[in-house]
Participant: 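My questions will all concern the structure given below.
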Amino acid sequence: MAAPDKPVLYSYFRSSCSWRVRIAFALKGIEYEQEAVNLIKDGGQQQSEKYKALNPMQQVPALCIDGITISQSLAIIQYLEDTRPGPHLLPQDPKMRAQVRMICDHIASGIQPLQNLYVLQKIGAEKVEWAQHFIVRGFQALELILLQTAGRYCVGDEISMADICLVPQVYNAERFKVDLTPFLTIKRLNETLIVMEAFQASHPSRQPDTPADLQV
């Protein structure tokens, strides 16, 4: 029997949503291929008709896997969790699962969309202040949530989808020069996670499409 084709991830090196998926692949030890979608070059390669046919929202990531195409990072990660072995990314306990999903939605719906590329292009000259405002606002709430849920990681002592969402959002905060001093729990968790191999291998500075001056 022929081996199944590797999943193909359409990704941009600095996209935090793409990074979430790369972390999940790394944690589960899944081999995959990447197709770069440059969100800046030529007015944004995601605007092409070819990519629109793949993902009508014209965003990254998109994943071709098992004969289907999935967009939206949390949907992709949930599919990997449902269909692939390896470390579980959702706890078995229903209360802890709910907490993980709450943190994921807090970041993926309440913070990140307000400072993604499309929104910032619309904001214009005040984009940095805009991004800082909504990241700080979101982190103020997230810090209080994590004080209730965190152990070694965001929810208890096992890595979950919540951690996968947290690290890329902290990276975005640092890009926009947000002062993380007030967010002691967020800082502690990020410092614990960012040194792990799955987070390092998937880091924006180490991707095939990372510009040479940003590579590590």
Participant: For side-chain contact (heavy atoms from CB on, under 4.5 Å), just list the numbers for Arg84 and Ile65, CA-CA rounded to whole Å, side-chain angles, deciding distance to a tenth of an Å, and then say yes or no.
Facilitator: CA-CA 11 Å; Arg84 298 303 193 268; Ile65 186 171; 3.3 Å; yes

Participant: Establish whether Ile135 and Leu180 are linked, either directly or via other cluster members, by ILVMFWY side-chain heavy-atom contacts under 4.5 Å.
Facilitator: yes

Participant: Would Val178 end up clustered with Leu142 when hydrophobic side chains under 4.5 Å apart are linked, directly or stepwise?
Facilitator: yes

Participant: Could you pull out all residues at least two apart from Thr210 that satisfy side-chain hydrogen bond (donor to acceptor under 3.5 Å, both in side chains)?
Facilitator: none

Participant: Enumerate donor-acceptor pairs with a distance under 3.5 Å from any side-chain N or O in residues 91-102 to protein atoms, sequence neighbours excluded.
Facilitator:
unit_1: Asp93; atom_1: OD2; unit_2: Lys95; atom_2: N; d: 3.1
unit_1: Asp93; atom_1: OD2; unit_2: Met96; atom_2: N; d: 2.9
unit_1: Arg97; atom_1: NH1; unit_2: Pro91; atom_2: O; d: 2.9

Participant: Determine whether more than 12 heavy atoms belonging to other residues, nucleotides or ligands lie under 6.0 Å from atom CZ of Arg152.
Facilitator: no

Participant: Quick one: list whatever passes side-chain hydrogen bond (donor to acceptor under 3.5 Å, both in side chains) with Asp213, sequence neighbours left out.
Facilitator: none

Participant: What pair of heavy atoms forms the shortest contact from Leu120 to Leu114, and how long is it?
Facilitator: CD2-O, 4.5 Å

Participant: In terms of hydrophobic clusters joined by side-chain contacts under 4.5 Å, are Leu214 and Tyr12 together?
Facilitator: yes

Participant: Just how far is it from atom CG of Asn172 to atom CH2 of Trp19, taken to the nearest 0.5 Å?
Facilitator: 8.5 Å

Participant: Pairs of donor and acceptor atoms involving the side chains of residues 55-64, under 3.5 Å and at least two apart or interchain, shall be tabulated with distances.
Facilitator:
unit_1: Asn55; atom_1: OD1; unit_2: Met57; atom_2: N; d: 3.2
unit_1: Asn55; atom_1: ND2; unit_2: Gln59; atom_2: O; d: 2.7
unit_1: Gln58; atom_1: NE2; unit_2: Gln46; atom_2: O; d: 3.4
unit_1: Gln58; atom_1: NE2; unit_2: Gln47; atom_2: O; d: 3.3

Participant: Please tabulate, one pair per line, all N/O donor-acceptor pairs under 3.5 Å involving side-chain atoms of residues 31-39, not counting sequence neighbours.
Facilitator:
unit_1: Gln34; atom_1: NE2; unit_2: Gln207; atom_2: OE1; d: 2.9
unit_1: Asn38; atom_1: OD1; unit_2: Ile40; atom_2: N; d: 2.8
unit_1: Asn38; atom_1: OD1; unit_2: Lys41; atom_2: N; d: 2.8

Participant: Only pairs at least two apart or in different chains count here, so list each ring pair (Phe, Tyr, Trp, His ring centres under 6.0 Å) that has a residue in residues 49-89.
Facilitator: none

Participant: Is there any side-chain hydrogen bond (donor to acceptor under 3.5 Å, both in side chains) pair reaching into residues 115-127, and which pairs are they, with sequence neighbours excluded?
Facilitator: Gln115-Gln169

Participant: Is there any side-chain hydrogen bond (donor to acceptor under 3.5 Å, both in side chains) pair reaching into residues 128-145, and which pairs are they, with sequence neighbours excluded?
Facilitator: Glu143-Thr185

Participant: Excluding sequence neighbours, so at least two apart, what forms side chain to side chain contact (heavy atoms under 4.5 Å, CB included) with Gln200?
Facilitator: Ile194, Arg206

Participant: Nearest 0.5 Å, what's the CG-CZ distance between Leu89 and Arg20?
Facilitator: 14.0 Å

Participant: When rounded to the nearest 0.5 angstrom, what distance separates CG in Asp105 from CD1 in Ile111?
Facilitator: 11.5 Å

Participant: Please identify each residue that fulfils salt bridge (charged side-chain N to carboxylate O under 4.0 Å, His left out) with Glu81, with sequence neighbours left out.
Facilitator: Lys28

Participant: Is the backbone of Ser160 close enough, under 3.5 Å, to the side chain of Asp163 for a donor and an acceptor to pair up by distance?
Facilitator: yes

Participant: Could you tell me the separation between the CD atom of Gln78 and the CD1 atom of Ile76, rounded to the nearest 0.5 Å?
Facilitator: 12.0 Å

Participant: Can you tell me if Thr149 uses its side chain to pair, donor with acceptor, with the backbone of Val155 under 3.5 Å?
Facilitator: no

Participant: Do you know which two heavy atoms are closest between Ser71 and Ala75, and how far apart they sit?
Facilitator: O-CB, 3.7 Å

Participant: Side chains of Tyr171 and His203: closer than 4.5 Å at any heavy-atom pair?
Facilitator: yes

Participant: CD1/Ile159 to OG1/Thr192 distance, rounded to the nearest 0.5 angstrom?
Facilitator: 9.5 Å

Participant: Among Ser15, Ser11, Ser73, Ser202, whose side-chain hydrogen bond (donor to acceptor under 3.5 Å, both in side chains) with Arg22 holds?
Facilitator: Ser11

Participant: Could you list the residues that satisfy side-chain hydrogen bond (donor to acceptor under 3.5 Å, both in side chains) with Asp157, not counting sequence neighbours?
Facilitator: none

Participant: How many angstroms lie between CG in Leu189 and CD1 in Ile103, if you round to the nearest 0.5 Å?
Facilitator: 9.0 Å

Participant: Does Leu147 share a hydrophobic cluster with Tyr153, counting links as ILVMFWY side-chain heavy atoms below 4.5 Å and allowing steps through other members?
Facilitator: no

Participant: If every non-hydrogen atom of Pro113 is compared with every non-hydrogen atom of Val119, which pair is closest and at what distance?
Facilitator: O-CG2, 3.3 Å

Participant: Which pairs pass ring pair (Phe, Tyr, Trp, His ring centres under 6.0 Å) with one or both residues in residues 176-199, sequence neighbours excluded?
Facilitator: Phe139-Phe183

Participant: Count I, L, V, M, F, W, Y as connected when their side-chain heavy atoms are under 4.5 Å apart, and connections chain through other members. Are Ile23 and Phe13 then in the same cluster?
Facilitator: no

Participant: Which heavy atom in Ala24 sits nearest to a heavy atom in Leu80, and how many Å separate them?
Facilitator: CB-CD1, 4.2 Å

